[in-house]
Amino acid sequence: MNELSKKVFFLVFFCFIGIHLVHSQVTPALPNTAEVITCFPDTTGYEVITVGPVGRDYSDLQSAINAALPGTVMVLDAGVTFKGGFTLPDKGNSDKWIILMSSRMDLLSGEETRINPGSTTNDVDFPTQKEAMPKIVTTNLSGIPCIVTQARAHHYRLIGLEITADTNVINSYGLINLGSSSSTQNSLDDVPHHFVIDRCYIHGHDNGVIMKYGIRLDCANGAIIDSYVSGFHSIGFDAQAISGINGPGPFKILNNFLEASGENILFGGGAPAIPGLIPSDIEIRYNHFSKPWSWRVDHPDYAGKHWTIKNLFELKTGKRVLLDGNILENCWADLPIGQSGYAILLTVRTEGSASPQADVSDITITNNIIRHVGAGISLPGSDDGIGNRSARIKIANNLFYDVDGPSYGDQNIFGPNDGTFLKIGKPQDVWVDHNTILQTGPITWAYDITDGFFFTNNIVHSFVSPGGYQGIYGPGESQGNNTFDHYFPDVTDENQHFHKNVLIGGNPAFYTNFNVTSENYFPIDVDAVGFVDFEDGLMDYHGFALSPKSQFAMDATDGSDIGVDINQLDSAFQWVRGCLPIISSDHSGIDTEGKINLYPNPVYDWINISTSGALPSRYFIIDQLGRIVQSGMLDSNQMQVNVSALQPGSYVFSTYRNKSWVSEVVILLRK
């Protein structure tokens with residue numbers, strides 16, 4: 001080899017190595033949602049106005065909203081119904097909030113706890129959480145929403161409200177519109193922003209034909225937290241609990257119950273009016289996605305209306321999306337109008353070229369339970385080759401079980417949807433790592449070439465499906481070696497992109513290309529895997545953890561167990577936002593070790609006080625002007641303070657010790 005040939009050889013060699021190393025390190029970008037603040041704000045100095053039919057500042061809700069200035073807490077009488085459609089106006093440039101809340105927040109779940117409408121309160125007047133909420137009801141038969149926003153409206157927080165449509169409204173086209181998907185919102189300058197829906201009960205009803213959606217996120221900086229969104233269903237149409245088309249993000253969807261017949265959450269589904277817009281920076285954590293069996297036609301619990309069923313989570317467009325720590329359950333095939341029973345669809349749709357920028361990339365799906373579904377994930381990668389190609393998809397530490405084609409699928413055993421874990425087209429850079437997948441169909445149904453495919457540290461069924469498909473499969477090829485060669489050509493034995501997997505019931509004869517540097521296992525059945533209690537797994541998913549005695553325990557590439565890490569999964573379900581006590585800006589010192597809990601809040605006559613750390617000696621109650629209006633001694637970490645002498649309003653309750661303050665805002669009401 002001459003000198004020039006050597007230089008060319010080494011140049012090509014090192015370029016190849018460099019490309020390989022860079023490629024192997026490309027991972028999804030996580031969403032940037034830090035600016036979406038979900039914790040209750042410091043309302044020091046806020047005005048408190050009351051809204052109700054008798055003896056309140058306002059009897060008409062829209063008049064109260066119109067009059068409210070930034071920095072207002074609007075207290076709506078619990079149990080009262082406010083009928084109509086209401087508009088949240090633009091109030092100028094202030095970053096103070098306008099807060100609409102129930103007068104009986106003390107009967108509802110505390111901050112960072114999901115409400116349950118039917119949960120009892122032990123209060124005679126308001127025996128359930130639902131009854132402790134003011135109710136906003138649209139009665140318009142044309143289907144106008146309960147709540148809409150003006151262009152550029154911002155900084156509204158709704159807390160402890162029931163929002164629904166009257167049972168005479170047969171066609172409801174959405175209950176809460178945060179922003180607009182119409183051509184009137186065709187610029188980012190017009191997008192409403194900073195909204196929090198907190199501990200609200202938002203629901204449709206069964207009398208209608210169309211209950212289109214609960215909340216539309218066509219805004220920026222929006223959060224839906226600790227709420228119960230249910231009863232959204234339609235006959236022959238899509239319906240969603242939460243959807244978004246024309247909002248840029250960021251969004252947080254945290255700790256909600258979400259129920260809808262079409263897609264429980266959907267981003268996309270129409271061309272945005274804002275040119276080039278892609279909803280981005282979306283954090284979806286600790287939610288419960290579900291469809292009730294009473295909606296399934298052939299189920300014993302079927303209630304008699306055939307709502308159109310599609311899937312649980314779908315992105316037709318969206319970038320930097322995190323789906324973490326959720327339960328997604330109950331999805332079945334509903335052809336020909338509905339879909340085939342997939343839990344998750346990541347499918348780019350350019351909307352007939354009206355949205356050429358549509359993209360589904362930088363998607364992280366981690367620490368979720370997906371169960372009782374006809375198939376797992378559909379990942380086409382592009383819109384039939386048009387527009388952007390999906391890239392950087394990570395599917396890690398999830399538990400998929402009861403992914404059952406015969407029970408929930410489309411009954412076409414020779415098609416791609418019969419209990420398949422991953423139907424995959426032409427995405428780029430897809431990681432499937434540390435999952436436990438218990439499905440009845442093939443592991444993959446590949447139908448185009450994927451570059452950068454990783455399948456590592458997974459426990460997965462690899463039995464022969466009723467249609468005769470098995471393992472890593474793509475049409476026209478036998479499973480294993482030939483499917484990899486055709487559909488995943490850059491996966492090799494040497495690069496270990498198919499490595500440390502347990503293929504239960506699999507046939508090692510089809511995977512001989514991956515048994516020198518790579519190492520995979522083919523136990524004959526589930527008994528040979530060493531689960532803690534496989535038979536009990538359907539009742540308690542902890543049974544799907546590996547026993548310490550399993551031969552696959554501590555055998556993953558990172559030294560942990562192969563398959564899902566159940567402890568990590570549990571930690572994701574226990575995740576909390578960590579809302580701290582509010583420290584008033586009136587004080588210069590902060591006690592970083594102490595904590596104060598005040599309940600109920602809002603309060604009527606007595607404040608219950610619970611403190612941690614060293615016992616504070618004094619407390620102070622400070623009004624909106626910064627004046628101390630009441631003070632006293634604290635002689636216990638658990639005690640009560642009578643505040644019946646104070647006027648209704650917003651106060652700061654502070655304790656002082658070691659030259660530092662720990663404070664929290666408290667709202668005082670009168671019955």
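Values below: all heavy atoms of this structure, side chains included; hydrogens, waters and symmetry mates excluded.
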How many angstroms lie between atom [atom1] of [X] and atom [atom2] of [Y], to the nearest 0.5 angstrom?
X	Y	atom1	atom2	value
S227	R114	OG	CZ	10.0 Å
K310	W332	NZ	CH2	14.5 Å
H497	F453	NE2	CZ	11.0 Å
F488	I472	CZ	CD1	6.5 Å
Q479	F484	CD	CZ	10.0 Å
T436	N457	OG1	CG	10.5 Å

Exercise. For T492 and Q496, what are the C-alpha separation, side-chain angles and deciding distance, and is it a side chain to side chain contact (heavy atoms under 4.5 Å, CB included)?
Worked result: CA-CA 6 Å; T492 68; Q496 297 185 330; over 6 Å; no

For this session: Could you tell me how the ring of Y473 sits relative to the ring of W445: parallel (under 30°), tilted (30 to 60°) or perpendicular (over 60°)?
Result: perpendicular

Problem set entry | Check against side-chain hydrogen bond (donor to acceptor under 3.5 Å, both in side chains), Y286 and N256 | CA-CA 7 Å; Y286 200 30; N256 306 284; over 6 Å; no

Exercise. If you draw a 6.0 Å radius around CG in L538, do more than 12 non-hydrogen atoms from other residues or ligands fall strictly inside?
Worked result: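 Above 12, so yes.
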
Problem set entry | Flag if over 12 foreign heavy atoms under 6.0 Å of CZ, F534 | yes

Exercise. So S180 and S182, side-chain hydrogen bond (donor to acceptor under 3.5 Å, both in side chains) or not? Walk me through it.
Worked result: CA-CA 5 Å; S180 172; S182 76; 2.9 Å; yes

N/O donor-acceptor pair under 3.5 Å between [X] side chain and [Y] backbone:
X	Y	value
Q185	N246	yes
N435	I437	no
N264	S290	yes
T317	A358	no
H461	I504	no
K252	I225	no
N398	N368	yes
S465	Q470	no

For this session: Starting from the C-alpha separation in whole Å, work towards a yes-or-no answer on ring-ring contact (aromatic ring centres under 6.0 Å, His included) for Y487 and Y447.
Result: CA-CA 7 Å; Y487 292 104; Y447 57 94; 8.4 Å; no

Ring centroid separation for [X] and [Y], is it under 6.0 angstrom?
X	Y	result
F257	F289	no
F454	F498	no
H194	H155	yes
Y541	Y401	no

Problem set entry | Side-chain donor-acceptor contact under 3.5 Å, D402 with H372 | yes

Exercise. Is there a donor in the side chain of N388 and an acceptor in the side chain of S361, or the other way round, less than 3.5 Å apart?
Worked result: no

Looking at every non-hydrogen atom in both residues, tell me the closest pair between [X] and [Y] and how far apart they are.
X	Y	value
I245	G270	CG2-O, 3.4 Å
Q240	F232	O-CB, 3.6 Å
A239	S234	CB-OG, 3.8 Å
R392	T27	CD-O, 3.8 Å
V432	N458	O-ND2, 2.9 Å
N495	D490	ND2-O, 2.7 Å

Exercise. Can you check side chain to side chain contact (heavy atoms under 4.5 Å, CB included) on V460 and V502, steps first, answer last?
Worked result: CA-CA 6 Å; V460 59; V502 177; over 6 Å; no

For this session: Hey, could you give me each pair passing salt bridge (charged side-chain N to carboxylate O under 4.0 Å, His left out) that has a residue in residues 317-337? Not counting sequence neighbours.
Result: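 Pairs touching residues 317-337 that pass the test: D281-R320, R285-D324, K319-D359, E329-R371.
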
For this session: Just grab all the salt bridge (charged side-chain N to carboxylate O under 4.0 Å, His left out) pairs involving residues 561-577, residues at least two apart or on different chains.
Result: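 Passing the test, one end in residues 561-577: D226-R577.
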
Problem set entry | Identified side chain to side chain donor-acceptor pair (under 3.5 Å) counterpart of H434 within the set T456, D558, N397 | D558

For this session: Evaluate side chain to side chain contact (heavy atoms under 4.5 Å, CB included) for I215 paired with V229, printing each intermediate quantity in order.
Result: CA-CA 9 Å; I215 306 161; V229 187; 4.3 Å; yes

Problem set entry | Evaluation steps, side chain to side chain contact (heavy atoms under 4.5 Å, CB included), between T444 and F421 | CA-CA 6 Å; T444 67; F421 162 60; 5.6 Å; no

Exercise. Who are the side-chain hydrogen bond (donor to acceptor under 3.5 Å, both in side chains) partners of T350, not counting sequence neighbours?
Worked result: D383

For this session: Given side-chain hydrogen bond (donor to acceptor under 3.5 Å, both in side chains), test T517 with E494 step by step and report yes or no.
Result: CA-CA 6 Å; T517 302; E494 291 77 14; 5.4 Å; no

For this session: Start with the C-alpha gap between N501 and Y511, add the side-chain angles, then the distance that decides, and say whether side-chain hydrogen bond (donor to acceptor under 3.5 Å, both in side chains) holds.
Result: CA-CA 12 Å; N501 299 291; Y511 297 87; over 6 Å; no

Exercise. How would you list all residue pairs meeting ring pair (Phe, Tyr, Trp, His ring centres under 6.0 Å) that involve residues 339-371, not counting sequence neighbours?
Worked result: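 Output for this query is empty, none listed.
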
Exercise. Should E259 and K291 be marked as a salt bridge (charged side-chain N to carboxylate O under 4.0 Å, His left out) after you check the CA-CA gap, both sets of side-chain angles, and the distance that decides it?
Worked result: CA-CA 6 Å; E259 179 186 88; K291 302 181 194 297; over 6 Å; no

Problem set entry | For K423, all residues meeting salt bridge (charged side-chain N to carboxylate O under 4.0 Å, His left out), sequence neighbours excluded |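 Here no residue qualifies.
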
For this session: Under the salt bridge (charged side-chain N to carboxylate O under 4.0 Å, His left out) rule, collect the residues that match up with D418, sequence neighbours excluded.
Result: none

For this session: Run through I242, T38, D198, N287 and flag the one making a side chain to side chain contact (heavy atoms under 4.5 Å, CB included) with I224.
Result: I242

Exercise. Are R389 and D451 close enough, and set up right, to give a salt bridge (charged side-chain N to carboxylate O under 4.0 Å, His left out), and what steps lead you there?
Worked result: CA-CA 11 Å; R389 180 183 181 189; D451 303 311; 3.0 Å; yes

